[in-house]
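Remember, it's 1-based here, ligands and their atoms both numbered in the order they're listed.
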Amino acid sequence: MSLPSTVRKTSIRLADGRELIYYDDEHPDADRSMPDRRDPSRIETRSELRRDPLLDEWVAVASHRQDRTYLPPPDECPLDPSTPGRLTEIPAPDYDVVVFENRFPSLALDVDRRAGRARGPAPGQAAPDGTGQAAPDGLVPRRPGIGRCEVVCFTSDHDGALGRLPASRVRTVVDVWADRTVELGAMPGIEQVFPFENRGEEIGVTLHHPHGQIYAYPFVAPRTARQLVSAARWRAEHGGCLYCAVIDSERSARARVLGTAGGWVAFVPEAARWPFEVHLYPTRHLPDLPALDGGERDGLVAVLGDVLRRFDGLFDRPMPYMLAWHQAPVRRDRDLAHLHLEVFSIRRSATKLKYLAASESGAGVFINDVAPERAAELLREASA
Ligand SMILES: [Zn+2]
Ligand SMILES: [Zn+2]
């Protein structure tokens with residue numbers, strides 16, 4: 001299941017050829033035909049993937065992103081609906097949930113739809129920025145940054161927040177994540193669909209409007225790949241699913257569990273890296289968001305809303321956080337993966353932030369200043 005019949009989906013093209021999709025839950029009869037009246041000039045994307053030979057990981061180099069919109073004043077927010085005097089990314093005068101291709105993507109499908117011809121080089125051709133030759137067999141292989149980056153606006157209300165939206169709207173957001181997983185996974189060359197949200201200036205958010213993003217990667221992300229290696233090893237040694245074993249262990253220990261509802265469990269993991277980190281799992285062994293049934297989607301809405309409100313309640317102000325979906329890759333290891341959501345914050349006290357310093361960034365060793373059991377206690381005490 002991807003989208004319930006109560007949500008109406010309308011896809012349009014923006015002036016520069018990018019796709020925009022309205023997902024209407026409250027206004028299924030709204031007119032979505034208004035055209036984008038802005039100048040159709042397109043941002044030239046020059047994203048390239050380079051393979052770091054030491055860590056054996058892809059790095060995306062996207063220098064065009066340096067010029068992206070940075071903390072505009074509230075009356076110039078590009079994610080608000082358009083008004084007669086101010087044209088934004090969304091042509092309609094109002095919307096429920098809207099998804100569109102990022103104007104400053106880290107990855108792009110590199111096709112100029114207006115001209116109907118490919119932009120960007122094929123593997124093995126000169127890199128688009130002229131910095132060198134793509135060398136598929138060299139020490140640092142390069143390929144065009146093929147992929148797709150989407151923006152998901154959760155509400156037209158500039159001052160809203162995912163954790164404070166009505167349950168019916170969060171349910172639409174969950175349905176949209178599932179729908180995008182199906183659609184992006186069917187696009188050529190996509191290997192993993194990664195929905196996420198960055199919230200708060202403290203972690204570098206450049207637009208305040210409540211929104212998330214979805215990256216469709218042309219490879220399996222390194223953290224996902226490493227988890228799947230662990231899951232394969234677990235299965236070989238013990239049989240069954242590693243993630244299911246973690247869920248069982250947390251539920252019987254109880255010390256770090258924050259809540260269970262509608263087929264979901266939320267807990268602070270025993271070896272949490274971040275001062276406040278919560279993982280949410282469906283208790284049924286499911287590969288990805290589209291596999292969730294209606295009851296499980298409603299359960300997620302309840303558990304996620306509770307966790308996000310507790311985050312804000314911890315220090316009595318909006319908590320900066322990152323929200324990251326881990327789901328099965330499009331093609332490989334689908335039976336090994338177990339869908340889950342990781343929500344974590346860099347705030348470790350009312351006045352202090354956790355920075356990824358030399359141990360974390362240089363050596364990959366996280367030092368967590370808050371014991372996971374204490375974090376769970378504080379989150380349970382925080383008002384939801
Ligand atoms: Zn806004
Ligand atoms: Zn499982």
Side-chain angles (χ1 to χ4, degrees), residues 20 22 38 68-83 85-100 102-104 151-165 169 173 197-201 205-213 224 226-252 260 263-267 269-270 279-293 296 299-300 318 325-329 332-342:
L20 180 143
Y22 295 101
R38 296 171 300 170
R68 69 187 188 274
T69 317
Y70 182 77
L71 295 177
D75 61 351
E76 287 173 26
C77 173
L79 307 186
D80 289 351
S82 285
T83 59
R86 186 164 71 90
L87 301 175
T88 68
E89 288 282 45
I90 297 102
D94 196 10
Y95 63 85
D96 293 339
V97 174
V98 85
V99 171
F100 59 88
N102 197 320
R103 188 154 183 252
F104 302 93
V151 175
V152 184
C153 297
F154 301 142
T155 168
S156 59
D157 174 9
H158 183 85
D159 299 314
L162 182 60
R164 292 198 310 269
L165 290 174
R169 172 54 54 76
V173 171
E197 183 194 1
N198 292 321
R199 189 228 201 172
E201 239 174 273
V205 168
T206 53
L207 297 172
H208 284 305
H209 195 106
H211 73 287
Q213 299 181 67
T224 305
R226 279 185 64 188
Q227 292 190 10
L228 293 171
V229 167
S230 306
R233 194 170 58 225
W234 176 270
R235 179 188 281 181
E237 289 171 7
H238 306 272
C241 167
L242 167 63
Y243 306 91
C244 284
V246 169
I247 294 168
D248 287 346
S249 154
E250 290 291 354
R251 290 180 87 177
S252 38
T260 52
W264 285 79
V265 58
F267 56 82
E270 191 165 2
H279 293 188
L280 288 75
Y281 280 81
T283 50
R284 201 156 63 99
H285 181 79
L286 298 174
D288 54 16
L289 285 154
L292 294 169
D293 65 27
E296 286 161 334
L300 168 61
W325 276 106
H326 289 260
Q327 49 183 347
R332 51 168 268 212
D333 295 327
R334 293 194 47 85
D335 54 327
L336 275 177
H338 186 137
L339 173 71
H340 63 283
L341 176 62
E342 301 185 1

**Message:** For the Zn ion (ligand 2), which protein N/O/S atoms fall under 2.8 Å? Skip waters.
**Reply:** C241 SG, C244 SG, H285 ND1, H338 ND1
**Message:** Please report the interatomic distance CG(L79) to NE2(H158), rounded to the nearest 0.5 Å.
**Reply:** 8.5 Å
**Prompt:** Parallel under 30°, tilted from 30 to 60°, perpendicular over 60°: which one fits the rings of H340 and H326?
**Reply:** parallel
**Request:** Give a yes or no on whether a salt bridge exists between R86 and E76, defined as a side-chain N under 4.0 angstrom from a carboxylate O.
**Result:** no
**Request:** Less than 2.8 Å from the Zn ion (ligand 1) is the window; count the protein N, O or S atoms in it.
**Result:** 4
**Item:** Nearest non-hydrogen partners of Y22 and I90, listed with the distance
**Value:** CE2-CG2, 3.9 Å
**Request:** Answer with yes or no whether the side chains of T88 and D80 bring together a donor and an acceptor at under 3.5 Å.
**Result:** no
**Item:** Non-hydrogen atoms of P91 and L20 that approach each other most closely
**Value:** CD-CD1, 4.1 Å
**Fill in**
Looking only at heavy atoms, the pair that brings Q213 and N102 closest together is OE1-ND2, 3.6 Å
**Rounded distance (nearest 0.5 Å) linking atom CD of E342 with atom OH of Y281** = 6.5 Å
**Prompt:** Under 4.0 Å between a Lys/Arg side-chain N and an Asp/Glu carboxylate O for D157 and R169?
**Reply:** no
